[in-house]
Each structure stands twice: as C-alpha cells, then as structure tokens.
Amino acid sequence: MPTTHPSDSRRFFALKSWAYTLGFKRQEATPVQGRVWIRIGREEYPLGIVSEEAYLKEKQQQRHEPILMMAIEDRRYWWFQDRFYWENDNMDGDDVHALLLTRHQRERQRVDRPRAMVAMGKEPRIRERVHIPDDVKQLVWIRDQGRCRVCGATSELQFDHIIPVAMGGSSEVDNLQLLCGACNRRKGAGLTSP
C-alpha cells in the first residue's frame, strides 16, 4: 500500500498527472487485449486484463460520468473527464458526479470575470466606493416605486449598482436599482440579477 499520498482534508483531490497515470498495454499473445494499471506515486497497481474495445469504451464513458477505478485502504479512486480523483466517504457514482461537476463549475466561474475583462480590454482596478448622493437615491426610489426590482419586496431594500463599482460602474441613476437584501446577495458582484 502506498504511503506517499498527500495529506489533504478535502473530500476530493485532483490527482496530478505526473504522479497518477492510467495505462493500457497490449499483450503480445492477444493483441486485442491489454493489461490496465494505475500508477500512484511510485506504486503500480494492476486493474486487470481487458479488451482494447472495453478500455476505449470506458475511456469514452469517463468523459460523461465518473468511473470507480480501484480502492486502496479507505480511498476510492475515480476517473472523470481525463482526470483522477480520490474520496474517502464511500460515495456512489451519482454523488461523485454531482460534487465534481459543481467543483468544475466553480473553477470555470473563477476565471470567467477576468476573461471578460480582458476581452473588454480592461484591467481589473480597485475603485473606492463613492457615497451615493441623496438626490440620486431619491430619484431611484421614485423610479423603482420603493420596491425590489426583482421580486417586488418592500423590506430590507438596498441600492444596488447594476454594473458593480469594481467593474467600473458609476453611482448615477441609470446604474442604480433597488433590490431587497436577499436578491442583492443572490446577485453578488455579478452583472445579472437573480
């Protein structure tokens, strides 16, 4: 059993390609079959002998759903979207799939805003929040009829910058709206309302 696993408290750990590899090697006696193994650090674990067709089928399948490859002690190793992960909560494939898709979405979202700013030719800049003048607040309040523009609530109302100050938005009437606290939190620092 390997003792070189990184210590990690996260439920899933993206296995590094240099330390974790999956291999298929054709057998000379039967060229339509091959030996499949996974290498974790310096240890190599045989997964069995399968047909090349079965191996290619699993390789295609793992692009859409995680495949349980093996278990070592309390760690179960999964193959999903050409990457390897381990978990130690004895989850089923559906749970692993949901968690990994959520993780991948968060990773993509983390770079969406910087990419959008680069595409617009802007560099991220830190702007100090400017006080919204009282006359501007009053005009926004009248225009939005003292209600949240998303859900119509009349309590916990907040003045929201449609284009956030951090993205170059101003504190002018056209860039402000009334949102209730819940809708404003759902919107966050993005450009779209919930």
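As the structure is a prediction and not an experimental result, all values here were calculated from the model.
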Open item on the list: We want to know whether Q62 and E58 form a side-chain donor-acceptor pair, criterion being a heavy-atom distance below 3.5 angstrom.
Closed with: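 Short answer, no.
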Can you give me the closest heavy-atom contact between [X] and [Y], atom names plus distance?
X    : Y    : result
W78  : P66  : CE3-CB, 3.8 Å
C180 : S155 : CB-O, 3.8 Å
E44  : P46  : O-CD, 3.9 Å

Roughly how far apart are [X] [atom1] and [Y] [atom2], rounded to 0.5 Å?
X    : Y    : atom1 : atom2 : answer
W79  : M69  : CH2   : CE    : 5.5 Å
R83  : L100 : CZ    : CG    : 9.0 Å
Q177 : C148 : CD    : SG    : 8.0 Å
H97  : T102 : NE2   : OG1   : 9.5 Å
R75  : Y85  : CZ    : OH    : 15.5 Å
E87  : R76  : CD    : CZ    : 5.0 Å

Open item on the list: Looking at G169, is its backbone amide N or carbonyl O close enough to the side chain of N175 to form a donor-acceptor pair, meaning the two atoms are under 3.5 Å apart?
Closed with: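 No.
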For [X], side chain to side chain contact (heavy atoms under 4.5 Å, CB included) partners two or more places apart:
X   : result
Q81 : L101, H104
D92 : D94, D95
Q60 : R63, H64

- [ ] For residues 165-174, pull every pair meeting salt bridge (Lys or Arg N to Asp or Glu O under 4.0 Å), keeping only residues two or more places apart or in separate chains.
- [x]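 Every pair satisfying salt bridge (Lys or Arg N to Asp or Glu O under 4.0 Å) with a residue in residues 165-174: there are none.
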Task: salt bridge (Lys or Arg N to Asp or Glu O under 4.0 Å): pairs with one or both residues in residues 146-156, sequence neighbours excluded - done: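 Only D144-R149, E156-R185 qualify under salt bridge (Lys or Arg N to Asp or Glu O under 4.0 Å).
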Task: Within 6.0 angstrom of Q138 CD, more than 12 heavy atoms from elsewhere - done: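 Count not over threshold, so no.
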Open item on the list: Taking transitive links into account, so neighbours of neighbours count too, which hydrophobic residues share a cluster with F159 at under 4.5 Å side-chain distance?
Closed with: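 Same cluster as F159: I132, V136, L139, V140, W141, L157, V173, L176, L178.
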Side-chain heavy-atom pair [X], [Y] within 4.5 angstrom cut-off:
X    : Y    : result
I38  : F84  : yes
V96  : F80  : no
H161 : K187 : no

Open item on the list: Salt bridge check, E107 against R103: does any charged N sit closer than 4.0 Å to a carboxylate O?
Closed with: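 Looking at E107 together with R103, the answer is yes, because their closest N to O distance falls below 4.0 Å.
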